[in-house]
Amino acid sequence: MPSDHVDVLIIGAGLSGIGAACHLRRDCPDKTYAVLEARDAVGGTWDLFRYPGIRSDSDMFTLGYSFKPWTDPKAIADGAAIREYVRETAREYDVQRHIRFQHRALRAEWDSATARWTVHAQRTDTAETAVLTCSFLFACAGYYRYDEGYTPPLPGVEAYAGRLVDPQHWPDDLDHSGKRVVVIGSGATAVTLVPAMAERAAHVTMLQRSPTYVIAMPSRDVLADALRRWLPAKAAYPVVRWKNVLLSTANFQLSRRAPGLVKRLLRRAAKGRLPVGYDVDRHFAPRYDPWDQRLCVVPDGDLFTVLQQGRASVVTDTIDTFTTHGVRLASGDELPADIVVTATGLNVLALGGLTLSVDGTEVDLASTVAYKGMMLSGVPNFALTIGYTNASWTLKADLVAGYVCRLLRHLDRTGQQVVTPLPPPDDERVPLIDLRSGYVLRSVDALPKQGATAPWRLYQNYARDVLLMRHGRLTDEGVQFSHARPVAEPAEPVRPRAG
Ligand SMILES: Cc1cc2nc3c(=O)[nH]c(=O)nc-3n(C[C@H](O)[C@H](O)[C@H](O)COP(=O)(O)OP(=O)(O)OC[C@H]3O[C@@H](n4cnc5c(N)ncnc54)[C@H](O)[C@@H]3O)c2cc1C
């Protein structure tokens, strides 16, 4: 069994893992590192999802890395462009040769005596096992299961003779031209699929149990287009990035402080783009407040356009049963369908299924508390990336990777080897992910928690986190720096007493 040692072992070669490797290269060039990636490609989410229209729903000036300008004219970019951006970044920073593809990390064991993690991985092609050791373990494994999306019970689905498709595993051979399509769901995937499939389908119906807030956004950024004419990309990028950060923060804060006002604004904006007489309250006015769940962005209002044109429709109802040729609804209506797409969400999976133990004791993730949203109480030399829920993922991923580099340099400077977050002094706990979306609520009990106050509390505020993570102190009451614990002296053998 091969055994290797690196200073930092990154799990996952998606946006976060590649970003983490680049940060190491930039800020800690003397550290050795490797990336374990379960799949055979770079890109994570942006390589896995291949459904028609797959795109970001946040702007690429904030979903892009702080250190690599997004130069494509489209601010809301399609999946292939994002995948290529991640790959290009990996090539630029020479990350590729550090990645061990088709290696799924299964188990990581911390040993205080050596101040090392031993990580057990399994090859996804040959099922062979591999063992690596590292001084710092950095989980960038995303937040959901790759093998299957979430599908709620679909009554009578066995009777259905058409094609049932999971957007997470889009079939290469699926031709929806001229077909009647039903997309079940109302989240980001559904609102992306509907206009994209409506281009060629006979008709697309979005079947939702309840509505989501949908907001139109220009697919190009006017300021970025203007600045690009005058400034080099490196100068224009941070300006547009900060403009978008401030706008999205203001939008979030306003939604939290005046939800009624934001509800009315969103309703009015949707109404203005829908056909006259459209039942906007039934189909586009959720019962929850804006940002209790993520808002769905539609570039240039493409969803509203296909509804206007009659190429797609929205039905708000529940499924009574599947029939041979479609879906019968609780209202008694029937939706004929040649293809049904289950855009019903993700299955959350923390740390990509990796289990942790510290000195032989299994870590129960649910009872850990996140320190600065990125380390876990009682787990030494470990960080994980969880992006923002109210802003682009990468804003946070960049901060976390930068912070890990600061920690590593601090350890070297002070001649110490171990950094361990401590739990908060009180028992107050709040969920780590502050959303009421189905996928979050289904998993909240199994995930780490947050404390009531900083540094155990995340405020979902990038500007505040920049101060905390880029410029804030590394030492505080929530973390302990120490030397590796010397191996305990062997105990004196017990001698049988004479006589
Ligand atoms: C369809 C879709 C659209 C999205 N759009 C947006 C958006 O517009 N804006 C936004 O901010 N966020 C969006 N998100 C969230 C999105 O996941 C993040 O933006 C970002 O791509 C996450 O990057 P990541 O590298 O952290 O995780 P991932 O992209 O999930 O990559 C994780 C990588 O880790 C690997 N891995 C996992 N477990 C293991 C293991 N045990 N061993 C080895 N390797 C492992 C996986 O194979 C994968 O390559 C979207 C998510 C989805 C599903």
Side-chain angles (χ1 to χ4, degrees), residues 9-21 34-51 53-65 75-79 82-83 85-86 89-90 99-108 119-124 130 132 137-147 149-150 167-168 170 185 187-193 217 244 248 294-299 343 345-356 384-398 400-401 433 437 439 462:
L9 184 63
I10 298 168
I11 312 294
L15 251 176
S16 307
I18 297 301
V35 182
L36 293 184
E37 169 51 57
R39 303 176 70 241
D40 60 1
V42 162
T45 298
W46 304 105
D47 186 65
L48 175 74
F49 280 86
R50 301 292 179 121
Y51 57 74
I54 170 75
R55 58 164 171 78
S56 64
D57 61 0
S58 51
D59 72 276
M60 288 307 299
F61 300 98
T62 54
L63 191 59
Y65 300 114
I76 302 285
D78 56 49
I82 304 174
R83 184 166 66 239
Y85 171 81
V86 180
T89 312
I99 306 176
R100 300 190 190 191
F101 288 106
Q102 299 186 306
H103 279 68
R104 182 185 304 287
L106 300 176
R107 200 169 76 251
V119 179
H120 301 261
Q122 184 170 43
R123 289 203 57 130
T124 49
L132 286 94
L137 183 60
F138 195 175
C140 298
Y143 62 102
Y144 63 89
R145 270 175 71 163
Y146 268 55
D147 54 344
Y150 170 73
Q168 203 157 318
W170 199 262
T189 299
V191 302
T192 302
L193 272 166
M217 195 168 125
N244 290 355
S248 65
R294 260 182 99 106
L295 255 59
C296 283
V297 168
V298 288
L346 303 164
N347 276 313
V348 170
L349 179 68
L351 309 184
L354 176 72
T355 58
L356 306 175
L384 77 163
T385 299
I386 304 178
Y388 290 119
T389 48
N390 65 344
S392 283
W393 182 275
T394 319
L395 291 172
K396 179 79 190 302
D398 260 340
V400 170
I433 305 180
S437 310
Y439 70 95
Y462 178 68

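Start at 1 and go down the list; that is how both ligands and their atoms are numbered. What you see is a predicted model; the values in this text were computed from it and never measured.
The two residues Val86 and Tyr65 come nearest to each other via the heavy atoms CG1-OH, 3.9 Å.
In this structure, Asp40 has no salt bridge (Lys or Arg N to Asp or Glu O under 4.0 Å) partners at least two apart in sequence or on a different chain.
For Tyr144 and Tyr150, the ring centers are positioned 6.0 Å apart or more.
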Which protein N or O atoms sit under 3.5 Å from any N or O of ligand 1? Give each pair with its distance.
residue	atom	partner	partner atom	Å
ligand 1	8 (O)	Asp57	N	2.5
ligand 1	8 (O)	Asp57	OD1	2.7
ligand 1	8 (O)	Ser58	N	3.0
ligand 1	8 (O)	Ser58	OG	3.4
ligand 1	9 (N)	Ser58	OG	2.7
ligand 1	11 (O)	Trp393	N	2.7
ligand 1	17 (O)	Thr45	OG1	3.1
ligand 1	21 (O)	Trp46	NE1	3.0
ligand 1	25 (O)	Leu15	N	3.1
ligand 1	25 (O)	Ser16	N	2.9
ligand 1	25 (O)	Ser16	OG	3.4
ligand 1	26 (O)	Ser16	OG	2.5
ligand 1	26 (O)	Trp393	NE1	3.0
ligand 1	29 (O)	Thr45	N	2.8
ligand 1	29 (O)	Thr45	OG1	2.7
ligand 1	29 (O)	Tyr146	OH	3.4
ligand 1	30 (O)	Thr45	OG1	3.3
ligand 1	30 (O)	Tyr146	OH	2.7
ligand 1	31 (O)	Tyr146	OH	3.2
ligand 1	41 (N)	Ala105	O	3.0
ligand 1	41 (N)	Gly352	O	3.0
ligand 1	42 (N)	Ala105	N	2.9
ligand 1	44 (N)	Ala38	N	3.1
ligand 1	47 (O)	Glu37	OE2	2.6
ligand 1	49 (O)	Glu37	OE1	2.6
ligand 1	49 (O)	Glu37	OE2	3.1

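In this structure, a donor-acceptor pair under 3.5 Å is absent between the side chains of Tyr462 and Ser392.
If you run side-chain contact (heavy atoms from CB on, under 4.5 Å) between Val191 and each of Val297, Val298, Asp57, only Val298 comes through. None of Leu384, Leu349, Leu137, Leu106 except one satisfies the side-chain contact (heavy atoms from CB on, under 4.5 Å) rule with Leu354; the exception is Leu137.
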